Amino acid sequence: MSSFAEIKSIDCPEVFQSSEDNYLYANIQIENSSELIHSCQIVFRGYVRKGDVLLYEFFHEQQWLVVNSNSNETHNVSVDIWLPRFPPSMTLDNGIVIEYCVRATINPWFENQHVDRIFYVKRSLILKMPHISCYPIENRVNKCVEHGKLMHKKCDPINGHLKIEKGAYTFNEEISVSWNLKTEKSIFEHFKLKLVQIIEIRLSEPDVFMRTQKVVKVLTEKTSTSDQISIYVPDNCFISIPMSLWNVLSIRHELVLEAKLQKQKRMVQFEYPIIICSEEVAKRNMKNHPGDLSNMFSRVQDVDDDSDDDDDYDSEDDIENQQPDRQYSLDIEKLTLTNSNLTDEKKQLERAEVEVTFIINSNEPRPLNSLRLLLTGEVRVNTTWYEFVRFKAIAKSTADSLFSPGQHKHRFQLPFAETQYDVSILPPSLGDEVRYIVRASTESLRQNLFDQECEILIDRFVDTWAKEAFKPSYEEEYGSTKISMQQRCFKRGKRVIILIEGEDIREIKGTLIQEQRLRIPGYRKDDSFCLERTVIITEDEVMKSQHTHISQIPPNIPPSIEICYWNVLQIQYSYKLEIILEGGHSHTHSLPIWIGCTEDNLEVPPEVIAEREKQQMEYDEPLDELPEFEVVNTEETQMDPYWVERFNTDTYGYKEPLNDI
């Protein structure tokens, strides 16, 4: 009979539909033929790769199972998500792949002994009605062709109008475009209508938070010499996706009408954005077009989208197309973290907010166009950098809500009060390796211009009694020395207490060692960056056979961490005890310990306290008079001649200042 647990199979749907599924789920069959109870970690992953190189992860949701002894069971695991915000599974023409999988492992993640199963996510788009794209698009054309730069002396203008039946289409639907265009000098040779798909995928780069790469593809085209062209939407194209989780990608579609004029080498282009949906949008007559567009939807929103929940979209296109107003500016003065220092240590982040202080520079009240906030959790290991937290928020006001000139404040609620991030397993701030940074800007994130930023210091709360293996007393005997510990779990800020017994012990040196393991994500296997550092060293001189060694634990170190969000970090502690015997012989003990945040119920023995107080009170009696001394000259003693002074200019390089000439 085997003595280990094994994952037999992973079963999950091949495709998850954004219009139907509200969670990801899988069935994990695990066989445990041992007498031990195991745990199994299941991770639902979403990532971007190119070939076998992982560019970055944007989704890493974890679940844990308890595997009973002598069992063969099928476990069902699931995670709640909002699929209408997830990028769909796809392979781009440039070789970049957006992929999802579920991964299960019984061993620690860094051993890479896991089982994977790939699944696909399919996005759908059903426009929220009433939408402005139901009505025809009529555009008046006034375009100059081949004019002499600043002078219109050689200009050949194109005038007329162009009409598109509507602004939204679905697969295999006919798109009809008609026009009536005229020129003064040239003659139209032919026209070409193209349906163009523009995919922008975000790349991962430190300090550049919206660097994207475009993939432009002509889906279909048709040439005609008449004043009308009809093409069909291919069934293999993607729907329009203006935004996605973590800004992974966006997909836009355009109708491009190209006009070829005689004696002109370059084609004249007319571009019109359209929407590709999952369902057909009914065409409406222009006569029924409402005069007021405020009650109609104009953005690409699915029926499942909440109109007030567009923080990920942020109206990027709308703001980028706005003309700058030189008589109005918005300056961010500072960022302040508020409501984070609460009495309950477990809930320090649940009410955390960021207060943005900004100034409106204007001579009259103005609306707030965009005040953007970006929170990132970043890991930097050698040359590797990646994000494990990415939260965006935007503050805007309508034209009816104006801000007076001067200083104002606005508070953003951080996402730690919601279910988006599990605060209890977030990695703590760790120097330059793990950081949480909030940045604020008044520009589009594509501009990568942030006026202010501040770092959020996040601590981790861990139960001191979380590990059963460290609760019992512990003894270790080596040669003539014996060490005893009442327990091996301690509260940070308190003490490690070890009783040492043995003959001829002269010195004890204790070292608290911290071992860090940082995860480096990979496509098939994850790498690790391991670091060991010395926290504190305590040395004792021993003159008796029984000694209590006490070492102070610093209060500001991170606790022991075994489970962490995204498996970012693991921290283990050990206490290295070196016992030096008479004659220089030494014994070394390495003792794994657990450091937590709750009370360890461990106190220093009273007799040890009394002994230390007695040592502090002992001191030598001051002498009434100095003892007599005698200087004995030997042959090796060299005395300076009496005429050599202790201070001279040759020895000390001293020179008299020169008088001014």
Side-chain angles (χ1 to χ4, degrees), residues 3 35-36 108 462 464-517 530-555 557-560 562 570-596 598-620:
S3 60
E35 299 294 334
L36 302 176
V462 174
T464 302
W465 304 93
K467 299 288 288 184
E468 289 289 337
F470 294 90
K471 293 180 182 180
S473 58
Y474 181 80
E475 292 183 356
E476 193 172 296
E477 190 170 354
Y478 185 81
S480 61
T481 60
K482 178 183 177 181
I483 61 173
S484 305
M485 302 175 69
Q486 184 178 339
Q487 62 197 46
R488 288 186 296 153
C489 49
F490 308 96
K491 180 184 179 182
R492 61 180 178 183
K494 294 192 71 176
R495 303 170 184 86
V496 176
I497 302 177
I498 305 175
L499 177 63
I500 304 169
E501 298 176 280
E503 299 294 336
D504 301 329
I505 299 176
R506 293 296 175 259
E507 187 178 349
I508 296 175
K509 181 179 180 181
T511 306
L512 180 60
I513 298 174
Q514 181 189 83
E515 300 173 4
Q516 302 174 6
R517 181 186 295 273
C530 299
L531 179 66
E532 180 179 292
R533 73 181 188 95
T534 299
V535 179
I536 192 171
I537 298 176
T538 304
E539 296 182 350
D540 294 341
E541 291 185 0
V542 182
M543 301 304 294
K544 55 184 180 179
S545 60
Q546 189 175 25
H547 177 75
T548 301
H549 177 74
I550 300 175
S551 179
Q552 182 74 36
I553 303 175
I557 62 172
S560 301
E562 188 177 52
Q570 278 192 348
I571 294 180
Q572 297 178 347
Y573 287 96
S574 63
Y575 198 81
K576 180 181 177 182
L577 193 66
E578 185 179 2
I579 303 175
I580 302 175
L581 306 177
E582 187 176 10
H585 181 65
S586 65
H587 295 165
T588 302
H589 302 261
S590 183
L591 310 171
I593 64 173
W594 182 269
I595 296 179
T598 57
E599 184 58 48
D600 58 8
N601 301 324
L602 193 64
E603 299 296 338
V604 180
E607 59 272 13
V608 176
I609 298 177
E611 182 180 351
R612 293 200 169 193
E613 290 178 351
K614 182 180 178 180
Q615 291 177 355
Q616 293 177 358
M617 294 178 62
E618 292 180 355
Y619 61 95
D620 295 332

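We use all heavy atoms of the structure for the numbers below, so side chains are in, but hydrogens, waters and symmetry mates are not. Being a predicted model, the structure only gives us computed values, none of them experimental.
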- Query: Taking atom types as modelled and ignoring hydrogens, do the side chains of Glu476 and Tyr474 form a donor-acceptor contact shorter than 3.5 angstrom?
  - Reply: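 Tyr474 and Glu476 do have a side-chain donor-acceptor pair below 3.5 Å.
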- Query: Among side-chain atoms of Gln516 and Gln514, is any donor-acceptor pair under 3.5 angstrom?
  - Reply: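 Per modelled atom types, Gln516 and Gln514 side chains form a pair under 3.5 Å.
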Taking the side chain from [X] and the backbone from [Y], do they hold a donor-acceptor pair closer than 3.5 Å?
X      : Y      : answer
Asp600 : Lys491 : yes
Ser560 : Ile595 : yes
Gln546 : Gly502 : no
Thr598 : Thr464 : yes
Arg488 : Pro592 : yes

- Is the Trp594 ring parallel, tilted or perpendicular to the Phe470 ring (thresholds 30°, 60°)?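 The rings of Trp594 and Phe470 sit tilted, inter-plane angle from 30° to 60°.
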- Which class fits the ring pair Tyr478 and His587: parallel under 30°, tilted 30 to 60°, perpendicular over 60°? perpendicular
For a quick test of reading the model, state the closest non-hydrogen atom pair linking [X] to [Y] and the distance between them.
X      : Y      : value
Arg495 : Ile553 : C-CD1, 4.2 Å
His549 : Gly510 : NE2-CA, 3.8 Å
Ile536 : Gln552 : CD1-O, 3.5 Å
Glu562 : Gln570 : O-NE2, 3.4 Å
Glu501 : Ser484 : OE1-OG, 4.4 Å
Arg533 : Ile557 : NH2-CG2, 4.4 Å

- Message: Atom CD of residue position Glu599 - does it have more than 12 heavy atoms of other residues, nucleotides or ligands inside 6.0 Å?
- Response: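 Yes, CD of Glu599 has more than 12 neighbouring heavy atoms, counting only those of other groups under 6.0 Å.
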- Task: For Gln572, look at atom CD and say whether over 12 heavy atoms of other residues, nucleotides or ligands are found less than 6.0 Å away.
- Result: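 At most 12 heavy atoms, drawn from other residues, nucleotides or ligands, come within 6.0 Å of this atom.
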- Message: Test side chain to side chain contact (heavy atoms under 4.5 Å, CB included) on Leu581 and Thr481; report intermediate values, then the result.
- Response: CA-CA 9 Å; Leu581 306 177; Thr481 60; 4.0 Å; yes
From [X] [atom1] over to [Y] [atom2], what is the distance, rounded to the nearest 0.5 angstrom?
X      : Y      : atom1 : atom2 : value
Ile537 : Thr511 : CD1   : OG1   : 4.5 Å
Ile498 : Ser551 : CD1   : OG    : 8.0 Å
Glu578 : Glu539 : CD    : CD    : 9.0 Å
Ile580 : Asp504 : CD1   : CG    : 14.0 Å
Ser480 : Ile505 : OG    : CD1   : 7.0 Å
Glu515 : Ser574 : CD    : OG    : 4.5 Å

- Message: Using a strict threshold of under 4.0 Å (side-chain N to carboxylate O), is an ion pair present between Glu603 and Lys494?
- Response: yes
- Is there side-chain contact between Tyr575 and Met485, with heavy atoms separated by less than 4.5 Å?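 No - every pair of side-chain heavy atoms lies 4.5 Å or more apart.
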- Side-chain contact, heavy-atom cut-off 4.5 Å: Ile497 with Thr548?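 Yes; the side chains approach each other to less than 4.5 Å.
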- Kindly determine whether Glu475 and Ser473 satisfy side chain to side chain contact (heavy atoms under 4.5 Å, CB included), including the steps that lead there. CA-CA 7 Å; Glu475 292 183 356; Ser473 58; 5.9 Å; no
- Given the rule in the side chain to side chain contact (heavy atoms under 4.5 Å, CB included) test, do Ile579 and His589 qualify, once you have shown the distances and angles that lead to the verdict? CA-CA 8 Å; Ile579 303 175; His589 302 261; 4.0 Å; yes
- Item | Worked check of side chain to side chain contact (heavy atoms under 4.5 Å, CB included) between Leu577 and Ile508 | CA-CA 7 Å; Leu577 193 66; Ile508 296 175; 3.7 Å; yes
